[in-house]
Every structure is written in structure tokens, then in C-alpha cells.
Amino acid sequence: MAEKRDYYEVLGLSKGASDADIKKAFRKMAMKYHPDKNPGDKKAEEAFKEVNEAYTILSDPDKKSKYDKFGHAGVDPNAGFGGAGGFGGFGGAGGFDDIFDIFGNMFGGGGFGGGARRNGPMKGRDIQKAVTVSFEEAAFGTKRAISLDKYVKCSTCDGQGNEPGTEKKTCPNCNGTGQVHTVQRTPFGQFQSSGPCPECNGTGVKIETPCHTCGGAGKVRKNVKINIEIPAGVDNDTVIPIRGQGEPGTNGGPNGDLYVVISVKPHKLFKRNRDDLYLEIPITFDQAALGDEITVPTMEEKVSYKVPAGTQPGTTFRLRGKGMPNVRSGRKGDLYVKVNLEVPRTLNDEQRKAIAEMGKTLNQDCYKAKKSFGEKLKDLFS
Ligand SMILES: [Zn+2]
Ligand SMILES: [Zn+2]
């Protein structure tokens with residue numbers, strides 16, 4: 001990027017915009033420029049990165065105040081992440097808060113883990129949470145307040161680990177490098193290996209007076225409630241990544257992510273396969289023979305469907321667009337309705353007689369198909 005635009009301008013805001021406005025503007029812009037919506041569009045990709053970066057800064061109170069005071073010079077989005085890469089990638093570090101990156105690849109962005117030095121910033125642990133929804137909730141989307149037992153940043157020491165007012169010291173064991181070298185003598189020669197310093201756990205600093213709340217860990221276990229939005233179209237094993245709601249990072253690293261794993265309760269009428277729904281409906285002999293307008297339930301409403309005269313048992317017809325919405329595109333699948341013929345089980349004498357009479361009048365011609373197979377298909381699937 002040649003010259004950096006003002007972060008507020010990037011989000012279409014003016015200076016002094018509220019946190020809620022910033023979040024709102026970010027959602028809007030992120031949706032607009034998301035690469036899944038603009039495949040192959042380099043400009044949109046750049047804009048998306050810019051929006052992502054602006055929000056990462058403006059959603060962080062500390063960075064925001066630095067930026068407000070010093071402009072771009074006050075905040076370098078790449079600083080403090082140990083240069084491990086991945087920043088600015090789609091669905092990358094932090095900043096997404098409760099935004100649902102349902103388009104994104106679960107493990108695609110981010111990528112702080114691998115290359116980070118042991119005493120450098122490390123991304124916090126990801127957590128998984130199973131959520132069960134009803135079939136209707138899966139069809140229309142829903143909200144859930146979920147409760148998580150997780151580590152959160154200790155507020156007493158702001159995650160630093162040392163008692164407020166005390167200093168951290170450079171670890172004397174590793175001189176602040178976080179690494180120690182050990183030499184092993186074996187019959188085959190000398191081997192040198194290095195590993196994290198056991199004194200400081202690889203952080204390079206030693207806490208002399210641990211924080212009285214967290215005992216030096218910088219984090220405390222807490223029950224946290226968060227509100228999540230479950231988009232329409234989720235299915236069993238759909239994963240909704242929620243950026244930054246995992247456990248806190250260490251040494252200034254970003255929070256981990258939360259992965260909500262969905263399971264959907266079965267429906268008593270509908271079966272689902274991808275975005276299509278399947279339904280079986282009973283019709284009577286006279287309806288099948290004479291044709292009739294029947295009522296078909298769909299997820300949204302009851303619709304009427306004209307069963308043609310001479311409909312055979314087991315015939316399946318399709319109602320376009322009456323299936324489940326696709327969780328990514330929102331496009332609806334189809335509803336397949338299979339017709340089952342109900343044969344009367346109890347008859348009185350009069351009915352038995354009438355059916356017998358009718359049976360005698362039916363000849364071979366009555367059972368012949370009037371239309372070709374192809375024509376029939378065309379009828380059924382139109
Ligand atoms: Zn603490
Ligand atoms: Zn050390």
C-alpha cells in the first residue's frame with residue numbers, strides 16, 4: 001500500500017465515532033468486500049485487507065487512543081506480533097470479535113502458531129463449543145447465549161502476571177532469551193540442543209512478585225457468557241468460527257478463536273440432504289386416480305400442489321426453492337415430496353361392493369401409460 005488512508009475514512013466514519021459505529025461500519029464493509037463475494041477482484045481484496053486492518057486498530061482501545069494521538073506513526077499493525085506472519089490475511093488475527101466469518105476457511109487465516117518464537121507473542125488457545133439447535137432454528141437462523149468456562153486476561157495485572165506496581169526482571173537463567181542450551185555427552189559424541197528456559201517458561205522475564213489474583217499466570221478461569229448468532233442453513237457439524245473469543249494470547253499475542261460446532265435435532269416430517277429436504281405424503285386411491293389438489297407442508301408455509309390424475313405410488317415431485325437455505329449463499333435447495341398410496345384398511349359391505357364393481361370395469365387399457373416416460377418426467381419436475 002503506497003500511502004495509508006485514514007482508518008476512520010476506510011470505514012466511512014469520521015473521527016470520534018463510537019465503538020458501536022465502528023463495529024457496525026466494519027461489519028458492513030467486511031461483508032461488502034469479502035473475497036467470497038468478489039472472487040478474483042484484486043481491488044476488493046485490497047479493500048478488505050484495509051478494512052480488516054482499520055478495525056483491528058480501532059477496535060482495540062489502547063491502539064485506538066495511540067492512533068487518535070499519533071496517527072499511523074503511533075500504531076504499526078505488524079509490530080508486536082513477532083512478524084510471524086498471517087496478519088492481514090483473511091479471517092486473520094483478532095479484530096473479528098463476534099463477527100461470523102462463515103465464508104472463511106476455518107484454518108485458513110491466522111497462522112501465528114508455527115513460526116512464533118517461544119518468548120515471542122503467541123496466539124491463545126482455540127476453544128470448541130458444541131451447540132444443538134432445532135430443525136426450525138437451523139432453517140431460519142437463531143441467536144444463542146452460550147456459557148464458556150475459559151481463561152480470560154487477569155484484570156488485576158492486565159495479563160502481565162506481576163503484582164501492579166512491581167517490575168518484571170530479565171530472567172537470569174537465560175539472560176532474557178527464553179532459550180537454554182544443553183550439552184549432552186554420549187558415546188557417539190557431544191550433542192547440543194536448545195529448548196525453552198525452565199525458569200521463565202521461555203518468556204525471558206521473571207516475575208518476582210506475582211499478581212495476587214492470578215498468581216503470575218496473567219489469566220484467570222472464568223465463566224463467560226457470549227451471544228452468538230447462528231446463521232440460517234447450518235447443518236450437523238457446521239463450524240462457526242468466532243475470532244478472538246478463545247483464550248488470551250501470551251506476550252501480547254492475539255486471543256485464540258472460538259469454534260462453535262452445530263448439531264441439528266431431527267425433524268418429525270422432513271429429512272435433509274445438503275440443502276434439499278425430503279418429505280413423504282400419503283394420498284388416497286381416489287386422489288391418485290382422479291388427481292387432486294393436496295396441501296404440502298414446507299418449512300415456511302403450507303402450499304398446495306396439484307397431483308395429476310393417474311399418479312403412481314412412490315412418485316416424487318419437486319418443489320423448487322422450498323428446501324433449506326445454503327449457509328454460505330442463502331440460496332435455497334428444493335423440497336422433494338414422495339407420494340405414498342394409502343389403501344383403505346376397513347370397509348363396510350357397501351364400500352366393498354362398490355370397489356368390487358369398479359374393479360370389474362377396469363381393463364388393461366386403464367393401466368397403460370398415456371405419456372412417454374420423458375413426458376411424464378417433464379410433467380413431474382416442472
Ligand atoms: Zn493477574
Ligand atoms: Zn529464562
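Start at 1 and go down the list; that is how both ligands and their atoms are numbered.
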- Task: Report the relative orientation of the aromatic rings in Tyr7 and Tyr67; use parallel for angles under 30°, tilted for 30 to 60°, perpendicular for over 60°.
- Result: tilted
- Neighbour count above 12 (heavy atom, 6.0 Å) for Lys302 NZ: no
- Without swapping roles, check the side chain of Thr311 against the backbone of Val307 for a donor-acceptor pair under 3.5 Å. no
- Query: If only atom types and distance count, is the side chain of Ser329 paired as donor or acceptor with the main-chain N or O of Asn326 below 3.5 Å?
  - Reply: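 Here the side-chain-to-backbone pair does not exist.
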- Message: Run Asn340 and Ile283 through side-chain contact (heavy atoms from CB on, under 4.5 Å) and show every step you take.
- Response: CA-CA 6 Å; Asn340 288 333; Ile283 59 169; over 6 Å; no
- Face-on cation placement of Lys265 at Phe135 ring, 6.0 Å and 45° thresholds: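 No, Lys265 and Phe135 do not form such a contact.
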- Note on the structure: Within a distance under 2.8 Å of the Zn ion (ligand 1), the protein atoms of type N, O or S are Cys154 SG, Cys157 SG, Cys211 SG, Cys214 SG
- Query: Which residue, Glu301, Met299, Lys332, forms the side chain to side chain contact (heavy atoms under 4.5 Å, CB included) with Lys322?
  - Reply: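 Only one option passes, and that is Glu301.
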- Task: Just the protein N/O/S atoms under 2.8 Å from the Zn ion (ligand 2), please, no waters.
- Result: Cys171 SG, Cys174 SG, Cys197 SG, Cys200 SG
- Message: Tell me if the aromatic rings of Tyr33 and Phe48 count as close, with their centers under 6.0 Å from one another.
- Response: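 No, too far apart.
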- Distance-minimising heavy-atom pair for Gly249 and Asn255: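 Minimum heavy-atom separation between Gly249 and Asn255: N-OD1, 3.8 Å.
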